[in-house]
Amino acid sequence: MKNYNHKKIELKWQKEWEKKKTYQARDKSKNKKFYSLIEFPYPSGDGLHVGHIRSNTAMDIISRKRRMEGYNVLYPIGWDAFGLPTENYAIKTGKQPKVITKKNSDTFRRQLKEIGFSFDWSREVNTTDPEYYKWTQWIFLQFFKKGLAYKAEIPINWCPRCKIGLANEEVIDGKCERCGEQTERRLKKQWMLGITKYAERLDKDLDLVDYPERVKLSQRNWIGKSEGSEIEFFIKASKHVGPAVSVKVFTTRADTLFGVTYVVLAPEHPLVSKLLEKTQNKNEVLKYIEEARKKSELERTAENKEKTGVELKGIKAINPAYGGASPAGNEVHPAEGGEVSVWIADYVLAHYGTGAVMAVPAHDERDFEFAQKYNLPIKNVIVPFVNLDSGEFGFRPELPTVKRECIHAIVKHWEKDEYLCLSSIKHGWKTFVIGGIENDEDPIEAARREIIEETGFTDFKLIKPLGDVIFARHFAPHKNENRFASLLGFYFELQSDKSISIADHESSNQEILWVKREDIPDTLKPKITDWVFWQRLFPGESACFEDDGILINSGKFNQLSSQDARNEITKFVDGKIVTKFKLRDWVFSRQRYWGEPIPIVECEKCGTVSLPEKELPLKLPEVKNYKLTETGESPLANIPKWVNTKCPKCKGPAKRETDTMPNWAGSSWYYLRYCDPKNKKVFAEKKKLKYWTPVDWYNGGMEHTTLHLLYSRFWHKFLYDLKLVPTVEPYKKRTSHGMILGEGGVKMSKSLGNVINPDNIVRTYGADTLRVYEMFLGPFEDSVAWSTESIIGPRRFIEKVWRIGNKISESQKDFSGPRFSSRKALGQTIQNPSGSLSFKKLLHKTIKKVGEDIETMRFNTAVSAMMILTTEMEKSENIDPKDFKKFLQILAPFAPHISEEIWNLLGEKKSINLSKWPKWDEKLIKDEEIKIVVQINGKVRDEILIKVNEDEEDIKKKAIESQAIRRFIQNREIKRIIYVKNRLINVVV
RNA sequence: GCCCGAGUGGCGGAACUGGUAUACGCGCACGACUUAAAAUCGUGUCUCGCAAGGGAUGUGGGUUCGAUUCCCACCUCGGGCACCA
């Protein structure tokens with residue numbers, strides 16, 4: 001037997017595949033296509049990371065399986081090569097980024113080829129190639145034409161060390177994503193892309209794609225769609241003369257409008273400057289605005305615990321809920337009771353909603369906190385609504401509903417810290433004293449009466465009422481009707497145990513329990529309305545009620561539910577139902593060299609002018625120095641020859657835009673270029689796009705969910721609107737991989753010195769072993785820790801396959817001689833049916849399992865199944881070479897080199913990778929006889945052999961007759977026997 | 001604070017819709033082969049107990065004939081968002 005020389009074998013087949021173009025995708029094919037995609041790597045100077053190998057192998061396995069299933073597979077690769085690390089390296093070494101990129105991508109290419117990925121290398125793309133970024137620039141111009149790329153002076157996140165503007169997504173905890181420096185806010189004219197125009201569709205169309213729920217969820221959270229109302233508050237100034245002014249607020253809680261006690265504007269709100277003149281404390285306000293402006297976003301949010309603000313004295317807002325607010329002529333009518341103060345505070349964000357809020361301290365924690373600090377009034381307008389709609393007390397729509405007014409009385413013991421509960425004997429309820437209010441009865445009197453009637457105690461004192469009324473809707477089993485009740489709560493303390501005897505019907509129905517304070521939560525049953533009052537007596541942390549409920553103190557809207565009131569009140573005050581998003585437009589400029597130049601010039605006469613498309617690509621000029629300018633401009637600003645140009649419109653002098661694009665630009669559309677990578681006329685020919693897109697399966701990291709994935713969906717939709725791509729969504733299915741951590745579960749990093757160089761692993765163990773190892777490591781979606789110690793397992797597995805393969809190959813040679821023939825071998829199989837049959841069964845089960853596991857990305861269990869089969873094969877004396885070949889075929893996607901080698905050794909001429917994926921035989925998978933477990937009271941006591949689908953009674957009989965079981969059931973009565981088909985028997989004794 | 005995800009041997013992990021917990025692999029121990037070692041193969045390996053048997057899937061409850069799986073509360077770790085009205 002030949003030794004297993006992975007180096008020789010792997011190199012041999014890599015060359016062969018390249019020569020035969022085994023993995024090239026064909027543009028013109030009658031076969032069904034399959035487009036599998038990985039996130040193309042950034043070719044860093046560190047070389048390929050073992051994490052790249054994990055996700056690439058996963059998609060490689062899927063691609064290879066699809067090829068074997070007859071699909072025309074596109075599995076492309078390229079380089080996302082623009083970006084900061086390369087530029088920083090250029091600054092340090094003086095080398096050209098272009099040169100560095102070439103060197104790095106050469107290394108990556110070599111490494112990827114050595115692992116045997118089945119990429120179609122003929123379609124390789126590189127975002128820094130002018131032939132590629134020509135089209136990135138072209139797409140940008142389309143955005144510009146549609147007004148979706150625009151310049152705006154906005155406060156940007158500025159990293160003082162990188163001297164670069166960062167998108168919100170690149171700021172982590174107020175720090176620069178790349179260097180960790182604290183960012184500050186700076187005003188700068190920046191290019192923006194209008195992604196917010198697509199917010200609605202980006203949210204809604206998530207319904208159309210097959211992404212993991214958590215990916216959809218985090219995109220949805222990021223987009224942050226919320227529906228609410230815009231409501232106008234008129235402003236009344238004490239010194240007022242002149243036209244009426246108003247401020248619009250955005251709220252999701254229009255139902256709380258009657259609870260507004262003040263209005264807050266963001267310091268940047270445009271109205272503030274208008275109102276300033278009429279403000280009595282102008283200087284104080286100006287000072288506050290100035291301070292807020294200086295603060296960075298971080299400081300503003302860091303002070304999250306202590307809110308600050310300042311009142312605009314002499315300015316009032318009129319709450320439209322109270323009427324009389326609309327202006328007649330130019331005057332605002334003073335409203336009755338609806339006049340509230342106006343504040344500015346930086347807890348209100350200028351860029352969200354309308355930049356102004358109506359404050360409802362009773363029902364919003366932030367407003368509550370602010371109101372407490374500045375002593376502003378708090379007005380309750382929503383009370384809890386306990387709505388039971390399922391279970392024992394659940395509302396039953398078929399029954400009538402009766403309105404009731406009730407009281408809850410919490411009664412404390414005369415000396416101990418214990419509270420009186422009534423335990424209903426019939427129904428099992430445990431509640432406080434509850435009772436109805438009789439006609440015209442005072443609620444307090446009702447409470448007193450109920451206490452005496454139900455408990456007999458007479459010597460008590462009212463300590464306090466427990467807040468506003470609450471409402472409840474539930475089913476009342478003792479009366480067989482639904483109740484809609486308004487409930488008031490009171491707290492009493494007994495002064496002594498003085499009592500009278502209570503009526504018979506009361507005492508026979510319920511008994512009195514004294515419950516310790518800490519046991520109350522566990523005692524109450526049902527834990528509903530009693531619980532609300534209990535929490536009012538002993539409030540926890542949250543002091544304000546933020547949930548939906550029922551309206552009080554809200555005029556004609558009283559007793560409406562929050563949900564209904566939102567619409568009604570909005571309508572009543574002529575407000576508008578609107579949808580708002582958290583998503584902000586995308587800051588698209590970087591003050592850097594190594595990115596796509598933005599193809600725009602500034603002309604003195606014509607303003608901002610785009611380059612004609614035929615002048616693309618606008619190439620990056622070579623520069624000597626990659627350092628940033630002092631002002632933080634891109635190094636391009638230092639090249640007058642490049643900057644100074646002619647205006648394409650008027651031919652007058654003009655200056656080029658020196659900002660470049662962020663590196664999310666090139667990656668927003670690369671999957672389209674793969675369909676037609678060499679096209680010089682368009683970014684990709686429509687016919688080819690129609691055949692290849694959408695991407696059928698895109699695997700990538702969770703870290704790209706809100707950046708790359710969202711951005712590329714946005715670009716795709718934009719191109720779809722221009723009728724340049726045939727589908728609404730770019731990716732049909734998305735999955736995500738977990739990270740590979742260093743040994744011990746810490747992050748792999750150069751500073752920790754725990755980075756694994758795949759080259760060493762490939763050299764020592766071989767590519768096949770590495771691939772199998774990474775798939776075997778753990779669940780694909782989870783993070784896993786690298787463990788060099790464990791690679792030996794997969795290596796042993798591969799060697800085992802090698803030994804079996806060689807053994808079979810050698811015996812095959814013998815068969816062709818006079819003494820043996822493959823028929824004879826088959827004959828042996830028949831002679832020894834039990835052993836071989838059980839092997840065949842295992843083989844077919846394995847084929848099924850591996851196939852299914854690949855589809856669900858459970859590669860670790862697929863490998864495990866193949867290991868089990870291999871162990872079985874090594875024990876087995878006579879394996880039909882045909883069977884072994886089937887095994888090789890399912891192994892091939894995982895370990896393509898060794899499979900190909902043995903396949904070839906066994907006399908196959910065509911590549912295993914293009915052979916037909918084996919089918920499993922349903923008949924072989926079904927067992928006729930199976931072992932089932934016999935349990936006594938859920939504990940396994942014995943096993944019995946039964947025929948599949950054997951009669952239940954027979955099995956039961958068999959089970960109790962078994963020796964072990966008889967011992968257990970001696971003298972005991974069999975209460976029940978549970979049979980789970982073909983699984984187990986549980987005898988309950 | 002809010003939203004996701006996860007807690008199973010010495011370690012990585014397995015267990016389909018509730019049905020034999022610990023598959024597979026690493027490590028470890030012993031044995032075979034060998035002059036020896038490596039490699040390979042075999043056996044064993046959650047825990048207490050001589051055994052019969054008992055106890056273990058982060059903790060505590062619940063539902064069930066039966067719970068790693070479902071429900072409630074809590075603890076720990078990882079990830080994301082963070083004044084979004």
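- When the P atom is used for both B:U17 and B:A6, the distance is 14 Å, rounded to whole Å.
- For A:Arg983 against B:C16, a side-chain-to-base donor-acceptor contact under 3.5 Å is present.
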Using a cut-off of under 3.5 Å, enumerate the N/O to N/O pairs linking the protein to nucleotides 60-63 of chain B.
none

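- We find that CG of A:Asp255 is positioned 14 Å from P of B:A85, with the value rounded to whole Å.
- By the 4.5 Å heavy-atom criterion applied to side chains, A:His704 and A:Glu39 are counted as neighbours.
- Residues passing the side-chain contact (heavy atoms from CB on, under 4.5 Å) test with A:Lys956 are A:Glu952, A:Glu953, A:Ile977, A:Tyr979, A:Ile985, sequence neighbours excluded.
- A straight line from CZ of A:Phe368 to C1' of B:A85 spans 17 Å, rounded to a whole angstrom.
- Among the atoms of the strands shown, none is found under 4.0 Å from any heavy atom of A:Thr705.
- Of the N and O atoms on the side chains of A:Thr861 and A:Asp853, at least one donor lies less than 3.5 Å from an acceptor on the other residue.
- Within the 4.0 angstrom heavy-atom criterion, only backbone atoms of the sugar-phosphate kind lie near A:Val940; the bases stay farther away.
- Looking only at side-chain heavy atoms (C-beta outward), A:Val784 and A:Glu774 stay at 4.5 Å or farther from each other.
- Side-chain nitrogen and oxygen atoms of A:Asn860 include at least one within less than 4.0 Å of the OP1 or OP2 phosphate oxygen of B:A14.
- Of all the residues in residues 864-874 of chain A, A:Ser864, A:Met867, A:Ile868, A:Glu874 reach under 4.0 Å from RNA chain B with at least one non-hydrogen atom.
- Atom CE in A:Met358 sits roughly 12 Å away from atom P in B:A85 (whole-Å rounding).
- Nucleotides B:A15 and B:C75 have their C1' atoms positioned 26 Å apart, rounded to a whole Å.
- B:A85 sits 50 Å from B:A21 when the C1' atoms are compared, rounded to a whole Å.
- Residues A:Asp367 and A:Met358 are not in side-chain contact: their nearest non-hydrogen atoms beyond the backbone lie 4.5 Å or more apart.
- Between the P atom of B:A14 and the CG atom of A:Asp853 lies a distance of 11 Å, rounded to the nearest Å.
- Comparing the P positions of B:C2 and B:A73 gives a spacing of 13 Å, expressed to the nearest Å.
- Residue-level contact check: A:Ile978 touches the bases, meaning some heavy atom is under 4.0 Å from a base atom.
- The shortest distance between side-chain heavy atoms of A:Asp768 and A:Tyr4 falls below 4.5 Å.
- Between B:C26 and A:Arg796, a contact under 4.0 Å exists linking OP1 or OP2 to a side-chain N or O.
- The residue A:Leu984 sits close to a base: some heavy atom pair falls under 4.0 Å.
- Taking only side-chain nitrogens and oxygens, A:Lys939 comes nearer than 4.0 Å to OP1 or OP2 of B:G55.
- The aromatic ring centroids of A:Phe797 and A:Phe776 lie 6.0 Å or more from each other.
- Separating the P atom of B:C11 from that of B:U20 is a span of 24 Å, rounded to the nearest Å.
- Judged by atom type and distance alone, A:Lys307 reaches the base of B:C83 through a side-chain donor-acceptor pair under 3.5 Å.
- Counting to the nearest Å, the P atom of B:U8 and the CG atom of A:Asp782 are 12 Å from each other.
- Straight-line distance between the C1' atoms of B:G25 and B:G9: roughly 14 Å, to the nearest whole Å.
- Taking the C1' atom of each, B:U8 and B:G58 are spaced 10 Å apart, rounded to whole Å.
- When all heavy atoms of A:Asp548 and A:Ile382 are compared, the pair lying nearest together is C-CG2, 4.2 Å.
- In this structure, B:G7 shows a glycosidic angle more than 90 degrees from zero, which is the anti conformation.
- Here the closest non-hydrogen pair linking A:Tyr352 and A:Phe581 is CE1-O, 3.5 Å.
- Of all nucleotides present, none satisfies the Watson-Crick or G-U wobble test against B:U34 with each distance under 3.5 Å.
- Nucleotides B:G19 and B:G13, compared at atom P, are 22 Å apart to the nearest Å.
- Counting heavy atoms from C-beta on, the side chains of A:Lys807 and A:Met873 never come closer than 4.5 Å.
- In the displayed structure, A:Lys576 atom NZ is contacted under 6.0 Å by at most 12 heavy atoms of other residues, nucleotides or ligands.
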